[in-house]
Protein chains: 2
Amino acid sequence: MNQDQTVHNSQLSPTRLRSLKTMAQRLRRHSLISTTEAASGHPTSCCSCADIVATLFFNHLRFDVQNPHNIYNDRFVLSKGHAAPVMWAAWAEAGAYPVERLLTLRRVDSELEGHPTFRSPYAGAATGSLGQGLSIGLGMALAARLDQTGARVYVLLGDGEVAEGSVWEAAALAAYYHTDHLIAMVDVNRLGQSQATMYGHDLSHYESRFQANGWRTLTIDGHNIEEINRALCTAEESSGLPTAIIARTIKGKGISFLEDLNGWHGKPLKKGEELEKALAELGSNFDLEEPLMVAPAPRSQAPTRTPASLSSPPEYAIGAQVATREAYGNALKKLGATSQAIMALDGDVKNSTFSEKFLKEFPDRFVECFIAEQNMVGTAVGLASQGKIPFCSTFACFFSRAYDFIRMAGIGQVDLKLCGSHAGVSIGEDGVSQMGLEDIAMMRAVAGSTVLYPSDGTSAERMTELAAQTPGIVYIRTSRPKTPVLYNGNEVFKVGGSKVLKGSEQDKATVIAAGITIQEALDAYEQLRREGIAIRVIDLYSVKPLDLDTLRKAARETGGIVTVEDHYPEGGLGEAVSSALAGEWFKFRKLAVNSIPRSGKPAELIDMFGISARHIVQAVKEMF
Amino acid sequence: MNQDQTVHNSQLSPTRLRSLKTMAQRLRRHSLISTTEAASGHPTSCCSCADIVATLFFNHLRFDVQNPHNIYNDRFVLSKGHAAPVMWAAWAEAGAYPVERLLTLRRVDSELEGHPTFRSPYAGAATGSLGQGLSIGLGMALAARLDQTGARVYVLLGDGEVAEGSVWEAAALAAYYHTDHLIAMVDVNRLGQSQATMYGHDLSHYESRFQANGWRTLTIDGHNIEEINRALCTAEESSGLPTAIIARTIKGKGISFLEDLNGWHGKPLKKGEELEKALAELGSNFDLEEPLMVAPAPRSQAPTRTPASLSSPPEYAIGAQVATREAYGNALKKLGATSQAIMALDGDVKNSTFSEKFLKEFPDRFVECFIAEQNMVGTAVGLASQGKIPFCSTFACFFSRAYDFIRMAGIGQVDLKLCGSHAGVSIGEDGVSQMGLEDIAMMRAVAGSTVLYPSDGTSAERMTELAAQTPGIVYIRTSRPKTPVLYNGNEVFKVGGSKVLKGSEQDKATVIAAGITIQEALDAYEQLRREGIAIRVIDLYSVKPLDLDTLRKAARETGGIVTVEDHYPEGGLGEAVSSALAGEWFKFRKLAVNSIPRSGKPAELIDMFGISARHIVQAVKEMF
C-alpha cells in the first residue's frame with residue numbers, strides 16, 4: 001500500500017471508508033470504557049470529535065509512531081485537552097502502546113493523564129488550559145518551515161475555547177506569517193461545560209471570524225468521514241493561507257441518551273447498565289475491513305540542538321554604564337552565532353528589550369509577535385517542542401499577560417527562556433502600569449523554573465548564556481537604567497550562585513540585593529563604612545535556586561540580614577531568602593516596594609518607595 | 001445653548017467646526033509641551049487621536065465635570081493609555097482642573113501620571129497595559145444598562161493593541177449582550193512601538209474583524225472632524241449592536257517632521273528649537289470662536305453601594321461534609337439578597353464554582369463571560385467602577401490567564417472579588433493543568449490584595465461575606481472535595497485572623513495549615529497525640545494579611561513550625577509565614593507540593609506530593 005498516495009487521495013474506497021467509520025466507533029468505545037473505568041473524564045467531548053480524529057490519524061497524519069520526536073513527523077495538538085481519552089485511544093490504535101493501557105487512564109501510575117501532559121511523548125503538547133493549542137501549533141509550524149521538513153501541524157479545538165482571545169492572537173499571526181501548513185479543526189459541538197456556547201451550531205460565526213483573520217475556512221459535517229477527508233485534502237493543498245475546518249458535531253455523538261444534551265460535560269457513564277447500553281449503541285462488530293495505520297514520515301531526524309555559548313566574552317569596562325537589558329540583546333546575538341537553535345520572539349518592544357540586536361543579525365530566527373504576549377509564549381512553546389531554544393522578551397510586567405501559558409509551559413517542562421525588561425520602580429516616569437513588580441513572585445512559582453536577576457552588563461550576558469544552557473523555564477529580569485559594570489568578562493556565574501561583593505570578618509550585617517538595588521547596597525556600604533560599620537554585600541543574582549551556603553554563612557557570621565529589592569514585598573527576593581533561612585537565628589529586615597508606585601524620576605521613586613541606600617543604612621542601624 | 005441638541009446634531013455649524021479644529025490643535029499643543037517638560041512620554045500617539053478626542057469631548061460626551069463619579073455621566077476609557085497627555089489636556093480644557101497643571105505631567109507629586117491611574121478621578125480606568133479598555137468599557141456599559149442611566153461608554157483604542165486577544169474576548173461578549181451603547185474608536189495610526197503594525201493602514205482588516213464579532217463598523221478619516229462627528233452621531237443611534245469607529249490617522253499628525261515616521265514612539269521633543277518648530281506648525285491662533293464645553297449629564301447620582309452581609313448565618317452541622325466551593329455559592333446568593341450591588345461573573349464553570357446558585361436567584365446580576373477569563377476580570381473592573389461589587393469565579397489556575405488584568409485592578413485599587421475553585425492536587429484525576437498551585441503566590445503579590453482560604457463550609461460563607469465588605473482585591477481560594485464542617489455558624493472570622501484549632505501548654509510544635517490541609521493537620525494531631533506528642537494546629541484562613549500575634553506566640557511557645565499547603569513551595573502559605581516570623585527563633589519545616597503533580601485520586605496525590613498527615617507527623621518528629 002502506498003501510504004503517501006492514500007494520504008493525498010480525496011476519494012475514499014468503500015472498504016477504507018467503512019474501516020474509518022469503524023475506527024471512529026472504536027475510539028468512542030475506548031473513550032467510554034476508559035472514562036468509566038477512571039470514574040471521571042469527558043466522554044461526550046471525545047465522541048463529538050471521534051470521526052475527525054479517526055480520519056486525521058488514519059488517512060492523513062504522517063508520523064513515525066516508534067519515533068515520536070522525529071522532526072519530519074506531522075504534529076497533532078489536542079487544544080481541547082479534556083478530550084484526551086480519544087487521543088490516547090487513537091495513538092493506541094496506531095500502535096504507540098497496547099490498547100490495554102487505555103484502561104489505566106487517570107491512574108496515578110499512568111502516563112495517560114486526564115489532560116495531555118509531558119509524561120506521554122505522544123501528547124504533542126501539554127494542554128488542558130483551553131485556547132493554547134493554536135499558538136503552540138503555530139510555533140511548530142514555524143519550526144517546520146525553518147527546518148524545511150514539510151511537516152504539517154493539525155490543531156483540534158473545541159468551540160467553547162474559541163472564546164479565549166489567545167486563539168485570535170494565534171490566528172492573526174499565523175495568517176501574517178502565511179503558515180499554510182497549519183490546519184485548525186474546530187469541533188463545534190454546541191455545548192460548553194455549563195451551558196450552550198455563545199454561537200451554538202451557527203458555524204457562520206466561526207467562519208467569518210477565521211476569515212476576518214486571514215484564514216481559508218471550510219465548513220463540514222464533522223460526523224461525515226468523506227466530508228472530513230475532503231476538507232483535510234483541501235486544507236493540505238498549499239494556498240498561502242492557514243486553513244480552519246469548522247465542523248458541526250454533536251456532543252456525545254453515537255449514544256442516543258447523551259447526544260446534544262446539556263449536563264453531560266465531564267461526566268463518565270456508570271459501570272454496568274449505563275455503560276453497556278451506550279456500548280451496544282456503538283455497534284457489535286469493531287473489526288476493520290482493511291488495516292489502518294498512521295502513514296510514516298518521509299524522513300527521520302531527531303531535533304538537533306547545538307549547545308549555545310557566547311561567541312565572545314562580555315567586554316564591558318568595569319565602571320562603564322551599561323543597561324542590563326542592552327547586555328541581554330548583545331548576549332542573544334552572540335548565542336545566536338554559536339547555535340542555530342537559538343531563536344528570539346518579542347511583542348513589539350524589541351527596541352526596548354534590545355532583542356532587535358538579534359533580529360538584525362538573524363532575521364530568519366526572529367519572530368515578531370506584536371502586542372500579544374500569550375501567543376508569543378505559546379508560539380515559543382511550539383518552537384521549543386521542535387528543538388529550538390526560544391527566548392521571549394517583553395516588559396517584565398507584561399509577562400503577567402501570559403502567566404497561564406508560562407504555567408502550562410512549566411508543567412510541560414518546556415525549555416523556554418523569558419526575559420522581562422523594565423523591572424521595578426527604576427523605570428521612572430512611565431508609571432506603575434509599566435513596572436514589573438510581581439514578576440519574581442510569578443516566575444518563582446512556576447514549576448521547575450530558574451530565576452536570574454543580573455545587576456550589570458557582564459552578568460547579564462553571562463546569565464543569558466546560562467539561560468540557554470539550563471533546561472526548563474529560565475526567567476531573566478533586566479532593568480531599564482544604565483548601571484555601572486561590576487564584573488570582569490571572565491567572571492564565572494552559575495545557577496544557584498551568588499557573589500559576595502563586600503565582606504570582612506567584622507561585618508555587622510549582610511545586605512542582600514540584586515539588579516538595580518546592588519548600587520544602593522554599595523552606596524549604603526560606603527556610608528556605613530565611613531561611620532565605622534562594616535557590612536557584607538551579596539549580589540544574589542540567582543533568585544531561584546538560592547545559594548544557600550553563602551546565605552547561611554552570612555546569617556551566622558553577621559547575625560543580621562537586610563534584603564532590598566525593586567519588587568513588591570510578596571514572593572520576591574526577601575521572602576525567598578528569609579524563608580530559606582528559617583530555622584537560623586538572625587535579625588531580618590525586608591526592604592521592598594512598600595506601596596503602589598507612581599510616575600516620577602527613577603531616583604525619586606527608589607527613595608520614595610523604600611529601597612534606596614538611605615533605607616538600607618537605616619535598616620542596618622535599626623538592627624543593633 | 002441647548003447642549004443636548006448639539007450632541008445629537010450631525011451637522012456642525014461653521015464656527016463650531018472651526019472651534020473644534022482649534023481645540024484639537026490645542027490638545028496637540030498641550031501634549032507636546034507637557035511631554036517635553038516631562039522629558040518623556042508619547043506625543044506622537046497623542047497627535048494621532050487629538051481630533052477624535054476633541055470632537056468626542058466637546059460635541060458628544062455628557063459628563064458633569066465637577067462630579068466625575070455621577071453614574072449618569074458618559075464614560076471615556078483611554079485604552080491606549082500611553083496617550084494620557086491628550087486626555088489630561090482634554091479634561092483640563094473641559095474645566096476639570098487648571099490647564100497649568102498639565103505642566104506637572106509625570107512629576108512625582110502629580111496625579112497626571114504617564115499612564116492613567118486611580119490618582120485622577122478623571123482617568124475613567126487605570127490603563128497602560130494595552131488591550132484592557134474594551135473589557136472595562138463593557139463592564140461600564142453593563143452597569144449603565146442595569147442602572148438604566150442611559151449613559152454611553154466610549155473606548156479609544158490604538159491599532160497596535162488590537163493584537164491583544166482580550167480585545168476580541170470583549171468584542172464578542174459585547175455583541176452577545178447587545179451593548180449598543182458601547183462605542184469603540186480605533187486610532188489606526190499604522191505604527192507600533194518598534195515597527196509598523198500587522199495591517200498598517202488597511203482598515204478593512206479591522207472592519208472585518210469587528211463585523212465578524214457582531215459589531216457595526218464605520219470607517220473614517222480620523223482627522224476630519226465632520227466625519228468623526230457624523231460617525232459618533234451614527235454610533236449613538238441604537239441599533240442593537242455595539243459600534244466600532246475605525247479611524248485612519250497619522251501618528252504625529254500636525255507636525256511635518258513627526259508625521260507617519262517610525263522611530264518617534266514614546267519620544268518627546270527636545271526643549272528649544274525642536275519644540276518651537278513643532279508648535280509653530282500647529283498654528284499661531286488658539287482662540288476658540290465659540291466656547292466649547294462638555295455637555296452635562298441628564299441627571300446626577302453617586303454610585304450606591306448598599307453594604308452586603310449574609311442574609312442568614314451559615315447553617316452547616318459540625319462534621320457535615322461540605323465543599324467550600326459550594327458554600328461560596330450559597331454565600332453569594334445570601335449576599336445578593338442583602339445588596340443590589342453584588343454581582344457575579346463566571347467563565348463557563350458556574351456549575352463547578354457554584355456561582356450558578358447566584359444566577360438562579362439573580363439572573364439580571366449575573367454575567368456569563370464564557371471561556372475568556374481576561375475579559376471576565378476586565379468586565380468586573382468596569383462594573384466595580386460604577387459602584388457594583390463584582391465576584392468573579394473560575395478554577396483557581398485559570399485566574400493566571402487574567403493576571404495582567406488583576407495586576408492592573410490591584411494598582412487601580414478596584415473593589416474586585418475573585419474566587420478560585422479547584423485549588424491544588426486535591427482535585428485529583430483531572431490532572432495538573434486544572435490545579436491551582438501558584439494562585440496564592442500570584443494573588444499575594446497583587447498590590448493591596450487580601451487572600452482568604454477557608455477550610456470548611458462555615459468559614460467559606462463568612463469569608464465570602466468578608467470579601468464583600470473588604471475594600472480592594474480579595475481572593476478566596478476554594479477546594480473541590482467535600483470536607484468536614486469545623487465551625488459553628490456564629491463563629492467570627494476576620495481579615496488578618498486565624499483560629500487555633502488545637503493547643504495546649506505542652507505543645508511541642510505548631511502545624512499551620514489552611515483549606516484542604518487542615519484535615520491532614522488534624523489527623524496528624526491525633527496520630528501524634530496517641531504517641532504522647534502535643535502539637536498546636538492553626539487554621540491560617542487569612543493568608544494575607546497574617547495574624548502575626550498568633551503566629552509569633554506559636555513560634556515562641558512551641559519553638560517549631562510546620563506549614564502545610566496544597567500549593568507550590570514558592571510564594572504560598574509557608575513562605576508568607578516563615579518570612580513574617582524571620583527574626584524569631586524557631587525550627588521550621590515547609591510542606592508544599594514538591595514536584596509536578598499528575599492525575600490520580602485526591603488522597604493518593606496529597607500523599608504522593610508530600611502534604612498528607614503522614615508527612616506532617618514526620619516533619620514534627622524530625623524537629624526534635
Side-chain angles (χ1 to χ4, degrees), chain A residues 38 40 106 108 113-115 117 128-130 160-161 163-166 168-169 176 192-194 198 208-209 212 348-351 370-372 374 400-401 403-404 407-408 411 429-434 438 441-442 444-445 447 568 570-571 575 578-579 582-583 585 587-588 596 598-600 604, chain B residues 38 40 106 108 113-115 117 128-130 160-161 163-166 168-169 176 192-194 198 208-209 212 348-351 370-372 374 400-401 403-404 407-408 411 429-434 438 441-442 444-445 447 568 570-571 575 578-579 582-583 585 587-588 596 598-600 604:
Chain A
S40 66
R106 291 174 165 244
V108 76
E113 297 200 63
H115 294 76
T117 72
S129 181
L130 291 168
E161 71 173 307
E164 289 286 8
S166 52
W168 302 107
E169 296 177 3
Y176 184 80
Q193 171 176 323
S194 72
M198 261 191 269
S208 59
R209 289 209 281 174
D348 190 23
V349 288
K350 57 185 175 288
N351 51 345
F370 299 94
I371 308 174
Q374 293 189 81
S400 63
R401 196 65 157 251
Y403 195 32
D404 193 26
R407 174 181 79 89
M408 288 297 296
I411 62 187
E429 291 85 349
D430 270 346
V432 63
S433 63
Q434 317 294 301
E438 57 294 291
M442 176 173 99
R444 286 181 64 238
Y568 284 139
E570 297 85 9
E575 279 199 2
S578 55
S579 181
W585 188 85
K587 292 184 183 171
F588 180 67
I596 300 176
R598 56 194 305 156
S599 292
E604 284 175 336
Chain B
S40 66
R106 291 173 166 245
V108 76
E113 298 201 62
H115 293 76
T117 73
S129 181
L130 291 168
E161 71 173 307
E164 290 285 8
S166 51
W168 302 107
E169 296 177 2
Y176 184 81
Q193 171 176 323
S194 72
M198 262 191 266
S208 59
R209 289 209 280 173
D348 191 22
V349 288
K350 56 185 175 290
N351 51 345
F370 300 93
I371 308 174
Q374 294 189 80
S400 64
R401 196 64 158 254
Y403 195 33
D404 194 26
R407 174 182 79 90
M408 289 296 296
I411 61 187
E429 291 85 349
D430 270 347
V432 62
S433 64
Q434 317 294 301
E438 57 294 290
M442 176 173 99
R444 285 181 66 238
Y568 284 139
E570 297 84 10
E575 278 200 1
S578 56
S579 181
W585 187 85
K587 293 184 182 170
F588 180 66
I596 300 176
R598 56 192 308 156
S599 292
E604 285 175 336

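We use all heavy atoms of the structure for the numbers below, so side chains are in, but hydrogens, waters and symmetry mates are not. Below, chain A is the first sequence line, B the second, and so on; all start at residue 1.
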Worksheet item: Of B:Glu438, B:Glu575, B:Glu570, which meets salt bridge (charged side-chain N to carboxylate O under 4.0 Å, His left out) against A:Arg444?
Response: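 Output: one option passes, namely B:Glu575.
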Fill in: Side-chain touch A:Met442/B:Met442, heavy atoms, less than 4.5 angstrom
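No - every pair of side-chain heavy atoms lies 4.5 Å or more apart.
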So, [X] side chain and [Y] main chain: donor-acceptor pair closer than 3.5 Å or not?
X	Y	value
B:Gln434	A:Gly128	yes
A:Arg401	B:Leu130	yes
B:Ser194	A:Asn351	no
A:Asp348	B:Gln193	yes
B:Glu169	A:Gly165	yes

Discussion item. Please enumerate all residues that pass side chain to side chain donor-acceptor pair (under 3.5 Å) together with B:Arg209, with sequence neighbours excluded.
Written reply: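 Here the qualifying residues are A:Asn213.
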Item to complete: Sequence neighbours left out, what passes side chain to side chain donor-acceptor pair (under 3.5 Å) with A:Asp430? Give chain and number order.
Response: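 Side chain to side chain donor-acceptor pair (under 3.5 Å) list for A:Asp430, sorted by chain: B:Arg106.
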Practice prompt. Just give me the residue among B:Ala372, B:Ala441, B:Ser40, B:Ala38 that pairs up with chain A most often, heavy atom to heavy atom, under 4.5 Å.
Written response: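 Answer, by heavy-atom pair count under 4.5 Å with chain A: B:Ala372.
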Worksheet entry | Options B:Ser208, B:Ala212, B:Gly600, B:Ser400, ranked by heavy-atom pairs under 4.5 Å with chain A, top entry |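 Looking at each option in turn, the highest pair count goes to B:Ser400.
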Worksheet item: Roughly how far, to the nearest 0.5 Å, is CD of B:Gln374 from CD of A:Gln374?
Response: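 Spacing of CD (A:Gln374) from CD (B:Gln374) equals 4.5 Å.
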Worksheet item: Taking atom OH of B:Tyr403 and atom OH of A:Tyr403, what is their separation to the nearest 0.5 Å?
Response: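 Those atoms lie 7.0 Å apart.
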Discussion item. Tell me the closest heavy-atom pair linking B:Ser433 and A:Ile411, and the distance in Å.
Written reply: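 Residues B:Ser433 and A:Ile411, closest heavy atoms: CA-CD1, 3.8 Å.
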Worksheet item: Is it true that the side chains of B:Arg598 and A:Thr117 contain a donor and an acceptor less than 3.5 Å apart?
Response: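 Short answer, no.
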For [X], is it the side chain, the backbone, both or neither that has a heavy atom under 4.5 Å from a heavy atom of chain A?
X	result
B:Glu161	backbone
B:Met198	both
B:Glu604	side chain
B:Arg407	side chain

Interface residue of largest heavy-atom contact number with chain B, from [options], under 4.5 Å:
options	result
A:Ser166, A:Ala582, A:Ser579, A:Gly583	A:Ser579
A:Phe588, A:Trp585, A:Phe370	A:Phe370
A:Gly160, A:Ser599, A:Gly114	A:Ser599

